[in-house]
Amino acid sequence: MSKTACKKIICEELCARAAHDKDIVVLCSDSRGSAGMSGFFEMYPSRAFEVGIAEQDIVSIAAGMAASGKKPFVFSPASFLTSRSYEQVKVDCAYSDMNVKLIGVSGGVSYGALGYSHHATNDIACMCALPNMAVYMPSDGRQAASLVGHLLSDPGPAYVRVGRNPVDDIYGSGAQFAPGRAISPLSPWPDCDVVIISCGEMVKAAVDAAMALEKDGVKVSVIDMYCLKPFDVDAVISHARNASLVVTVEEHVPSGGLGSLVAQAISSNCPKPVHSLSLPDGPVVSGTSQEVFAFYHLDSEGIAREVKRLLGVN
Amino acid sequence: MDRLDKLALELRKDVARLIHKAGTGHIGGDFSVMEILVTLYFEVMDINKDDFPNPCRDRFVLSKGHCVEALYAVLARKGFIDWDDVFDGYGAFGSRFIGHPNNKIPGIEMNTGSLGHGLAIGVGMALASRMDDGRNRVYVVMGDGELDEGSVWEAAMAAASYRLGNLCAVIDRNRLQISGRTEDVMGLDPLDEKWKSFGWNVLACNGNSCEELSAAFLLASRCGTRPSVIIANTVKGYGASLMEDKASWHHKVPDEQELSLILDGLDRRMEGLS
Ligand SMILES: Cc1ncc(C[n+]2csc(CCOP(=O)(O)OP(=O)(O)O)c2C)c(N)n1
Ligand SMILES: [Mg+2]
């Protein structure tokens, strides 16, 4: 099993595709190193644009390029790209329905002890609230690679959050990712006790928790909602309908993210309680992302522990 | 002034040890900004831990918040915080000493970290001070890469428009940002002309000399109703030749050997002063 940062895969994939697609352009805001995009800048200097530390500017420039037929990919830290640039994203990308792909790097609490200013823990809520905007959070490299192809074939705006850290492979080489559809990383139980719904870096933790719980006789299905908008309501309902417990796990604040989306889908289709494991509604405790996950029960042990507590088993 | 230059070199040693130990920090910018902070805190500003937060205090905002390690070292020397607490806590789980300024720490006014906010905050503080007939002054330290943010120039217009002579901005003009030289990433020159055309009183000096900085701050305080900006020409990584003027040291962490080279280099500069 190998570990790769999703941003590295996205860069490689874009470099390969740019050879055949002259409209692909990349924009960075003094962020090419942290975005892992230095390779693209070296390979395609005439299609790589540095705008300086100017996250509002970068989004509007990209929208202007898209309006003139280019396929811009904007790489900037997720925190700034989804907060500082929010109005540019809302009006110039979403409202004008422009083919701008926003890649938020170092999302969630990737930046650890750099603190709240650098954390993107409300980005999913913000981006899902915009019209036309597709929102993704890939969980491993293969999914990230396949996502690039999908982004290029879709003419609308999209936001992709990736973390800073290398992530384990979850899927094998044969995995197929259909746009807009959730996927089960483990073969799902027809009659599971628990369904854990997660996205991004949390999927690996959910899978590990599910395998540990299985050893204790708890049947767990895991859903990877790597596409948060459009949201695969059918997948959620079909798994949740017969489960006695629905748990969501996300690297996001409690409101407006995966937990809210799942609760909304379930309440109108197969009402039952949804237990949401998330970051708190406020700055997180300072530490590395792994320390932060462990503190808020977002690592595999924490998820398994919470599931057992909710099931009343030990 | 040798005393202050010496102090700035000494505090760099604290910062280098801290970053080495914690495995995180922005050492290049910490080293370029140190004389600016030392001159402000030990020569220019009226800020003391004993009467903090006295409403008449001068106000300080570290807009280039990533250089908080330098600020920690200065605040510790001013008695606001205990250096041992910083040394043990910085980068550790659950610590309040995080990688950007946080106003839960005594002596820090505002949380920064996202670049391009500080000057507008300074405008707000300067306006409030004028409403209160205050005699205090407001100081904002920015990076030069930070000037890429449009919000800086919105604040620059507001400060001139409101005739905020009580506001002084300092630009740590080290000519580097993360991706390389500022003039390659996003050209800023002629920087002095830009600020002049925005209605500011523009001063320039060697930003790694406390004496020159001190003189510039004095001139700034006498310029009447125009806000002042000091373009402090600095060297990123100043004081340790292996880091000087190298973009790669923006947030690189020195290993054991590099740390000892850095400390030796600082010692040699200090000998040169006395
Ligand atoms: C709004 C925003 N965008 C991006 C960053 C990431 N970042 C941190 S430091 C830095 C470079 C700053 O360069 P400069 O202002 O010249 O600082 P210095 O050289 O003094 O370290 C960047 C882009 C940030 N902190 N805030
Ligand atoms: Mg700089």
Side-chain angles (χ1 to χ4, degrees), chain A residues 27-35 37-38 41-42 45 48-61 75-88 106 109-120 282-296, chain B residues 22-26 62-66 68-69 89-105 108 110-118 142-154 176-188 247-248 250-252:
Chain A
L27 296 94
C28 282
S29 55
D30 201 7
S31 53
R32 80 186 76 153
S34 50
M37 288 306 288
S38 302
F41 274 67
E42 279 154 28
F49 297 89
E50 172 60 68
V51 306
I53 311 169
E55 295 82 4
Q56 298 177 299
D57 208 25
I58 199 173
V59 171
S60 298
I61 290 174
F75 289 79
S76 192
S79 56
F80 311 122
L81 188 58
T82 61
S83 310
R84 185 60 150 271
S85 329
Y86 193 55
E87 201 197 56
Q88 280 75 9
S106 305
V109 294
S110 294
Y111 277 128
L114 289 186
Y116 187 70
S117 64
H118 279 56
H119 293 165
V284 300
V285 65
S286 68
T288 64
S289 48
Q290 289 312 316
E291 288 171 336
V292 171
F293 295 155
F295 188 77
Y296 297 108
Chain B
T24 177
H26 289 85
L62 183 64
S63 191
K64 47 169 257 178
H66 56 283
V68 72
E69 302 86 16
Y90 177 66
F93 178 71
S95 171
R96 61 192 179 129
F97 295 105
I98 60 172
H100 287 101
N102 186 285
N103 61 9
K104 302 276 187 302
I105 306 282
I108 294 180
M110 286 300 278
N111 297 355
T112 52
S114 178
L115 296 167
H117 293 215
M142 293 179 285
D144 50 1
E146 180 178 3
L147 305 182
D148 297 345
E149 291 285 1
S151 51
V152 172
W153 301 97
E154 295 174 25
L176 290 174
Q177 54 196 102
I178 296 183
S179 309
R181 309 206 71 79
T182 54
E183 300 314 294
D184 296 334
V185 174
M186 182 53 59
L188 295 169
S248 56
H250 177 76
H251 54 192
K252 192 172 158 198

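Throughout, protein chains are lettered first and strands after them, A, B, ... in sequence-line order, and every chain is numbered starting at 1.
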- Non-hydrogen atoms of A/Ile53 and B/Glu146 that approach each other most closely: CD1-N, 3.9 Å
- Heavy-atom closest pair, residues B/Ile98 and A/Leu114: CD1-O, 4.4 Å
- Selection from B/Ser95, B/Gly150, B/Gly180, B/Ser151 maximising heavy-atom pairs under 4.5 Å formed with chain A: B/Ser95
- Note on the structure: Closest heavy-atom pair, A/Asp30 versus B/Ile178, reported as atoms and distance to 0.1 Å, is OD2-N, 3.2 Å
- Item | Side-chain heavy atoms of B/His117 within contact of A/Arg84, under 4.5 Å | yes
- What are the two closest non-hydrogen atoms of A/Ala54 and B/Glu149, and how far apart are they? CA-OE1, 3.8 Å
- B/Ser114 side chain vs A/Ser117 backbone, donor-acceptor pair below 3.5 Å: no
- Task: Please check if atom CD in B/Glu183 has more than 12 non-hydrogen atoms from other residues, nucleotides or ligands closer than 6.0 Å.
- Result: yes
- Return the minimal non-hydrogen interatomic distance between B/Ala92 and A/Ser286, and the atom names on each side. O-OG, 3.8 Å
- Task: Against chain A, label B/Thr112 side chain, backbone, both or neither, depending on which of its atoms sit under 4.5 Å from a heavy atom there.
- Result: backbone
- Interface moiety of A/Asp57 toward chain B, non-hydrogen atoms closer than 4.5 Å: neither
- Note on the structure: If one checks every heavy atom of B/Ala22 against chain A at 4.5 Å, the contacting part turns out to be neither
- Task: Pick one of side chain, backbone, both or neither for A/Ser38, based on which atoms fall under 4.5 Å of a heavy atom in chain B.
- Result: neither
- Message: Is A/Phe295 close to chain B through its backbone or its side chain, or both, or neither, when contacts mean heavy atoms under 4.5 Å?
- Response: side chain
- Note on the structure: Rounded to the nearest 0.5 Å, the OH atom of A/Tyr116 sits from the CG atom of B/Asn102 at a distance of 12.5 Å
